[in-house]
Amino acid sequence: MMLYPAGPDWAHTFETALGASTLAARLADAHGFTRSTLFQPFGAGRGTVIAQRDHLLVLAVHAADGRHWYEVTPSLEMQNLLWSFSHGYGSQWSALELRALCGCTAWPEVIALARQQFASAVRSLERALSGLPERDAAAAAPDMPFYDGDVMELPADYLTSMTGAEVSECAR
């Protein structure tokens, strides 16, 4: 596992035989990620971005003997925000800066957004590695039988309006 500014809690490592190009294609085709231009936001040797969704990156970190290691981690901007918050420097960021970087105006929103997106990206990568789509197909509703004619038989006076005497009896 590589260490990133936000710390080890914000990185999830996967090992697989699936190559980076194939994984990036799966993530882009079925999981809402965008294929990346293979840049290294954290510096040389610390992972190459193969796909991105929202504020999360999927990095190819190592390959050897037909095995590949990938990590899901927040983007560099989100890493800096998370590091600042966890080390007590959250007050250095204004609401305007927070909104410009992640669309949130307060720290609880930033942390909730990061947690939700991180969990979602980890789940998506797990499903992509298994060859599954982002969401399972909805269970098909059983076909309802087609009835020709009246399904229910009602007495002829069932839909008859009530007279005043009957209404007052029911009101008690």
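Please read all numbers here as calculations on a predicted model, not as lab measurements.
Closest approach of Cys102 to Leu113, counting heavy atoms only: O-CD2, 3.5 Å. Heavy-atom minimum distance, Met78 versus Ala114: SD-CB, 4.1 Å. Residues Arg35 and Ala28 come closest through the heavy atom pair CG-CB, 3.7 Å. Closest non-hydrogen pair, Ser94 versus Glu97, comes out as N-OE1, 2.8 Å. Nearest heavy-atom pair across Thr22 and Leu18 is CG2-CD1, 3.6 Å. Across all their heavy atoms, His68 and Ala17 have their closest contact at CD2-O, 3.6 Å.
Side chain to side chain, Glu71 and Thr13 meet the donor-acceptor criterion of an N or O pair below 3.5 Å.
Using a 30° and 60° split on the angle between ring planes, Trp83 and His87 fall in the parallel class, below 30°.
Checked against Ser84 for a side chain to side chain donor-acceptor pair (under 3.5 Å), the options Trp93, Trp107, Tyr89 give a single hit: Trp93.
By the rule that hydrophobic residues join a cluster once side-chain heavy atoms approach within less than 4.5 Å of another member, Phe39 and Val58 end up as members of separate clusters. Hydrophobic clustering, with ILVMFWY side chains joined whenever heavy atoms are under 4.5 angstrom apart, keeps Val49 apart from Leu129. In this structure, Leu56 is not a member of the same hydrophobic cluster as Leu76, with clusters built from ILVMFWY side-chain heavy atoms closer than 4.5 Å.
Side chains of Arg99 and Leu96 form a contact here, defined as non-hydrogen atoms less than 4.5 Å apart. Side-chain contact between His55 and Pro74: absent, with no pair of heavy atoms (C-beta onward) separated by less than 4.5 Å. Looking only at side-chain heavy atoms (C-beta outward), Ile50 and Ser36 stay at 4.5 Å or farther from each other. Residues Tyr4 and Leu59 form a side-chain contact, since some pair of their non-hydrogen atoms from C-beta on lies under 4.5 Å apart. Arg26 is not listed as a side-chain neighbour of Ser124, based on a closest heavy-atom distance of 4.5 Å or more. Considering only heavy atoms from C-beta on, Leu57 comes within 4.5 Å of Phe42 through its side chain. Side-chain contact between Leu82 and Ile111: present, with at least one pair of heavy atoms (C-beta onward) separated by less than 4.5 Å. Leu23 places a side-chain heavy atom less than 4.5 Å from the side chain of Tyr70.
Arg127 contributes a side-chain N or O that, together with a main-chain N or O of Glu134, makes up a donor-acceptor pair within less than 3.5 Å. Under the 3.5 Å distance criterion, the side-chain polar atoms of Thr73 are matched with a main-chain donor or acceptor of Trp10. A donor-acceptor pair under 3.5 Å is absent between the side-chain atoms of Glu15 and the main chain of Trp69, judged by distance alone. Without hydrogens or angle criteria, Ser130 side chain to Leu132 main chain gives no donor-acceptor distance under 3.5 Å.
Applying the ring-ring contact (aromatic ring centres under 6.0 Å, His included) rule to Phe33 yields no partners; only residues at least two apart in sequence or on another chain are considered. Residues passing the salt bridge (charged side-chain N to carboxylate O under 4.0 Å, His left out) test with Glu77, sequence neighbours excluded: none.
Taken to the nearest 0.5 Å, the CG atom of Asp9 stands 9.5 Å off from the OG atom of Ser86. Rounding to the nearest 0.5 Å places OG1 of Thr34 at 10.0 Å from CZ of Arg53.
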